[in-house]
Amino acid sequence: MNIKEEHTGPVKSLNFIESIIEEDIRNNKNDSRVHTRFPPEPNGYLHIGHAKSICLNFGLGKKYNGLTNLRFDDTNPTKEEEEYVNSIMEDVRWLGFDWEDRLFYASDYFDQLYEWAEKLILDGNAYVDDQTAEEISQQRGTPTRPGKESPFRDRDPQANLELFRRMKNGDFPDGSRVLRAKIDMASPNMHMRDPVMYRIMHTPHDRTGDKWCIYPMYDYAHGQSDYIEGITHSICTLEFEIHRPLYDWFLDKIIDTEYRPRQIEFARLNLSYTVMSKRKLLELVKEKLVSGWDDPRMPTVSGLRRRGFTPESIRNFADRIGVAKRDNVIDVALLEHSVREDLNKKAMRVMGVIDPLKVVITNYPEGEEEALEAINNPEDESAGKRMIPFSREIYIERDDFMEDPPRKFFRLAPEREVRLRYAYIIKCEEVIKDADGNITELRCTYDKDTRSGGPAAGRKVKGTIHWVSAEHALPAEIRIYDRLFLKENPDEVEEGKDFKSNLNPDSLEVRKGYVEPGLADADPASRYQFERRGYFCVDSRDSKPGALVFNRTVPLRDSWSRMQGK
RNA sequence: UGUCCGAUGGUGUAACUGGCAACACGUCUGAUUUUGGUUCAGAAGAGUCCAGGUUCGAGCCCUGGUCGGACAACCA
């Protein structure tokens with residue numbers, strides 16, 4: 001049998017990282033092992049961009065029967081907090097990935113890193129520089145002009161070692177000295193101009209406490225951490241591309257085995273109309289422009305989770321956007337599509353009225369009620385059926401009625417008929433308004449024979465609308481998050497303008513609505529479709545018994561409003 | 001007057017050792033539908049940044065440009 005025909009559908013082509021990995025495997029590099037890692041700095045919450053990296057790294061590990069580590073890059077104690085460590089672990093797990101027993105911290109390697117630093121000093125590959133940060137910075141030159149060598153550059157190794165040990169012992173104040181790699185101050189690559197390896201910081205570290213007052217820089221720590229963990233493919237974003245020569249330089253000076261981790265860079269995710277910088281997200285949180293890192297408007301994993309996204313939908317999204325090296329801006333519509341696709345299969349269809357308008361069915365007997373059968377999910381027969389109460393007074397959605405309907409409006413209007421889903425066909429007989437002319441109530445009549453399953457159930461009307469029985473319905477707060485958190489695409493905003501002036505003022509709308517009574521004990525993990533109005537989930541943080549709060553995950557694809565928008 | 005990287009429909013990603021530019025999202029049409037959802041059928045939309053070259057044949061190879069991005073924290 002032909003191998004290609006064993007699988008249905010087209011053979012999926014490899015992305016460029018997979019091609020590199022497969023070539024390495026063919027060449028038996030690192031014994032053909034594949035071992036990746038996800039290395040966040042615990043200085044913020046994970047966002048959808050990190051999700052791309054997580055799916056990539058863990059996905060590659062799985063695809064090539066390899067392993068994937070979780071490693072916290074905690075080399076800067078002034079910026080990192082335990083709260084972030086915990087949220088990151090929670091988010092990675094929620095996304096559906098497992099690092100098993102391979103949870104590491106760069107700080108686990110401080111001793112080894114220090115030892116290697118002494119080796120570099122003794123080999124004449126590193127020196128202690130007594131200059132200030134400003135002096136060093138001035139000597140670094142510019143991308144087009146070479147730098148100048150430090151006056152301390154040729155100090156002899158023993159003296160350097162002595163000084164470095166004293167740095168470690170706390171003999172010097174912050175900023176007074178650094179350890180630098182001795183490479184090439186004239187290198188066209190700025191990162192090779194004697195980069196700083198260690199700086200003095202008399203700051204306790206979350207994990208090592210007061211043990212250290214010197215801390216390694218990213219460039220010195222990262223490759224060596226990869227090496228220690230046996231990482232084969234160290235995948236990072238494009239801005240580290242220019243660091244790669246340095247990554248390799250340290251490894252070459254320190255390690256004398258065949259085995260080498262290999263750094264591969266890919267383009268980070270950009271989403272249209274979405275703030276994606278940790279710094280800016282932190283600013284929104286600190287200035288309380290959002291309710292927290294998990295505000296449903298935030299593109300954070302926790303925000304998306306609270307908003308009702310599923311891990312599957314995010315994984316599918318990550319799969320669809322692919323991996324490449326060119327800068328990209330993914331349309332948020334693709335993210336929304338990924339959620340809808342998943343939720344369409346899973347979400348229970350329920351009645352939920354967001355902006356209620358009362359309807360009295362004048363010919364329905366007062367005080368009478370009946371239970372009507374409703375289908376839980378037409379996409380999934382196993383989801384079953386349920387009964388919902390119907391009575392003389394109901395609520396419908398305000399915009400399901402128009403006094404002056406435009407052409408092609410299929411729903412309720414004066415003298416027009418519409419079907420109440422799972423119930424009867426009703427006809428609008430009278431519109432009641434208050435003194436200001438606002439519509440407060442509709443008077444309708446119903447056609448008894450058109451009840452679902454009844455003798456005239458087959459009678460066709462143009463529209464079907466949703467409703468809840470006024471007497472039975474549960475009041476609920478419904479939060480509508482606009483699809484756009486920003487008014488304009490970030491790169492279209494004027495240079496120098498504060499990004500916060502670009503926030504969409506309509507990004508959150510809070511409504512008092514009603515949902516059907518069965519939702520009283522709704523589970524935050526369950527997803528619902530309020531038919532024709534979108535996907536919703538119970539807000540896990542703000543809902544209390546008897547006071548339901550729903551977040552709208554995403555609206556339905558809606559050709560009527562698209563038509564209106566034109 | 002630097003180094004590194006990139007350039008394929010509106011968006012993203014493909015095209016194996018050169019062989020009719022494919023897939024997804026989006027857009028539009030039509031059918032079905034007790035959700036203007038879903039599903040189904042279909043359409044439009046690029047000739048691959050430019051100029052040369054090699055070749056029977058170039059998105060892929062070569063040369064030279066153009067445009068865009070990254071790099072001058074004791075951040076990661």
Side-chain angles (χ1 to χ4, degrees), chain A residues 10-15 19 39-41 43 73-76 78-80 106 129 132-133 136-138 140-147 174-180 187-193 195-201 214-215 217-219 221-222 236-245 265 267 272 278-279 320-338 340-341 344-345 349 375 378-379 408-411 419-423 425 450 452 457-466 529-534 555-563:
Chain A
V11 177
K12 218 187 154 200
S13 55
L14 302 180
N15 64 46
S19 302
E41 181 187 14
N43 68 344
D73 224 333
D74 58 348
T75 55
N76 186 348
T78 62
K79 295 175 68 176
E80 296 146 9
D129 196 330
T132 63
I136 290 174
S137 155
Q138 273 163 23
R140 201 179 318 272
T142 71
T144 53
R145 269 173 213 281
D174 287 7
S176 58
R177 272 170 242 263
V178 290
L179 182 70
R180 291 229 259 170
S187 169
N189 180 345
M190 299 286 293
H191 294 278
M192 299 299 271
R193 323 244 259 230
V196 172
M197 292 166 58
Y198 273 91
R199 73 288 215 187
I200 302 171
M201 287 199 271
I214 56 170
Y215 292 95
M217 301 287 292
Y218 165 86
D219 283 305
H222 203 91
C236 62
T237 47
L238 242 34
E239 65 268 28
F240 292 103
E241 204 156 27
I242 200 157
H243 295 239
R244 192 169 61 222
E265 311 84 10
S272 59
K278 245 194 224 177
R279 201 205 86 229
R320 246 181 268 256
I321 58 179
V323 192
K325 290 188 78 164
R326 81 184 82 155
D327 292 327
N328 61 79
V329 182
I330 308 281
D331 194 334
V332 279
L334 183 59
L335 215 210
E336 293 183 341
H337 171 263
S338 305
R340 287 198 196 100
E341 183 186 49
N344 178 47
K345 288 178 293 191
R349 310 303 143 110
I375 295 165
E379 308 297 318
K408 288 203 165 180
F409 182 78
F410 302 149
R411 287 166 268 168
R419 162 146 237 129
L420 296 175
R421 182 135 218 229
Y422 300 124
I425 290 174
T450 58
S452 288
R459 183 150 81 84
K460 300 280 181 210
V461 283
K462 277 249 181 132
T464 301
I465 65 169
H466 310 283
Q529 186 192 104
F530 292 178
E531 299 196 58
R532 270 239 331 272
R533 309 199 210 292
L556 256 34
R557 221 168 155 272
D558 179 3
S559 57
W560 166 252
S561 33
R562 269 180 291 150
M563 211 166 88

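FYI, side chains are in, hydrogens and waters are out, and symmetry mates aren't considered; it's all heavy atoms of this structure. Residue numbering restarts at 1 for every chain, and letters A, B, ... go by the order of the sequence lines. Bear in mind that the values here come from a model prediction, so they are computed numbers and not experimental data.
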Visitor: Are the side chain of A:D74 and the backbone N or O of A:A106 linked by a donor-acceptor pair below 3.5 Å?
Guide: yes

Visitor: Write down the distance separating the C1' atoms in B:A14 and B:C23, rounded off to the nearest Å.
Guide: 7 Å

Visitor: Check this for me: A:R145, atom CZ, are more than 12 non-hydrogen atoms of other residues, nucleotides or ligands nearer than 6.0 Å?
Guide: no

Visitor: Do any side-chain nitrogens or oxygens of A:R340 fall under 4.0 Å of OP1 or OP2 in B:C25?
Guide: no

Visitor: When rounded to the nearest Å, what value does the distance between P atoms of B:G26 and B:U38 take?
Guide: 9 Å

Visitor: So which nucleotide does B:U29 pair with, by the Watson-Crick or G-U wobble rule with both distances under 3.5 Å?
Guide: B:A41

Visitor: Touch check for A:V196, heavy atoms < 4.0 angstrom, all strands: base, sugar-phosphate only, or nothing?
Guide: sugar-phosphate

Visitor: Any side-chain N or O of A:K408 below 4.0 angstrom from OP1/OP2 of B:G36?
Guide: no

Visitor: NA contact type, A:Y198, heavy-atom cut-off 4.0 Å: base, sugar-phosphate, or nothing?
Guide: nothing

Visitor: Please report the distance separating the P of B:G10 from the corresponding atom of B:U27, rounded so that it comes out in whole Å.
Guide: 16 Å

Visitor: If you measure from NE2 on A:H243 to CE on A:M192, what distance do you get to the nearest 0.5 Å?
Guide: 11.5 Å

Visitor: Are A:E336 and A:R557 close enough for a salt bridge, meaning some N to O gap below 4.0 Å?
Guide: no

Visitor: Kindly say if A:R320 contacts the phosphate of B:A14, meaning a side-chain N or O under 4.0 Å from OP1 or OP2.
Guide: no

Visitor: Think A:S559 has a side-chain N or O under 4.0 angstrom from the OP1 or OP2 of B:G37?
Guide: yes

Visitor: Indicate whether OP1 or OP2 belonging to B:C71 is found under 4.0 Å from a side-chain N or O atom of A:H191.
Guide: no

Visitor: Rounded to whole angstrom, note down the C1' distance from B:A44 over to B:U29.
Guide: 10 Å

Visitor: Tell me whether the OP1 or OP2 atom of B:U13 has a side-chain N or O from A:R326 closer than 4.0 Å.
Guide: yes

Visitor: With both distances kept under 3.5 Å, what pairs with B:A22, Watson-Crick or G-U wobble?
Guide: B:U13

Visitor: Provide the distance between the two C1' atoms, one in B:A15 and one in B:C75, to the nearest whole Å.
Guide: 40 Å

Visitor: For B:C74, does either OP1 or OP2 sit under 4.0 Å from a side-chain N or O belonging to A:R140?
Guide: yes

Visitor: Please work out if A:A133 contacts a base, only the sugar-phosphate, or nothing of the nucleic acid, heavy-atom cut-off 4.0 Å.
Guide: base

Visitor: Is there a side-chain polar atom (N or O) of A:R532 under 4.0 Å from OP1 or OP2 of B:G37?
Guide: no

Visitor: According to a strict under-4.0 Å criterion, is A:S13 in side-chain N/O contact with OP1 or OP2 of B:C23?
Guide: no

Visitor: Is the distance from the ring center of A:F410 to that of A:W560 below 6.0 Å?
Guide: no

Visitor: If the P atom of B:U3 is compared with that of B:C74, how far apart are they to the nearest Å?
Guide: 24 Å

Visitor: Give A:P40 one of three labels, base, sugar-phosphate or nothing, depending on what nucleic acid heavy atoms sit under 4.0 Å from its own.
Guide: nothing

Visitor: Measuring from atom CG of A:D174 to atom CZ of A:R199, what distance do you get when rounded to the nearest 0.5 angstrom?
Guide: 10.5 Å

Visitor: Please report the distance separating the P of B:C60 from the corresponding atom of B:G18, rounded so that it comes out in whole Å.
Guide: 12 Å

Visitor: If each of A:F240 and A:N344 is mapped to the nucleotide of RNA chain B with the nearest heavy atom, which maps nearer the 5' terminus, i.e. the 5' end?
Guide: A:N344

Visitor: Scan every strand shown for a Watson-Crick or G-U wobble partner of B:G6, both distances under 3.5 Å, and answer none if you come up empty.
Guide: B:C67

Visitor: Side-chain contact, heavy-atom cut-off 4.5 Å: A:H337 with A:R320?
Guide: yes

Visitor: Quick one: is A:R562 getting a side-chain N or O under 4.0 Å of the B:U27 phosphate, OP1 or OP2?
Guide: yes

Visitor: Can you find a donor-acceptor pair, distance only, under 3.5 Å between A:E531 side chain and B:G36 base?
Guide: no

Visitor: On a whole-Å scale, what distance lies between the C1' atoms belonging to B:G19 and B:G59?
Guide: 13 Å

Visitor: Given that both distances must come in under 3.5 Å, which nucleotide forms a Watson-Crick or G-U wobble pair with B:G36?
Guide: none

Visitor: Between B:C74 atom P and A:K79 atom NZ, what is the distance in whole Å?
Guide: 13 Å

Visitor: B:C75, OP1 or OP2 - any side-chain N/O from A:R199 closer than 4.0 Å?
Guide: yes

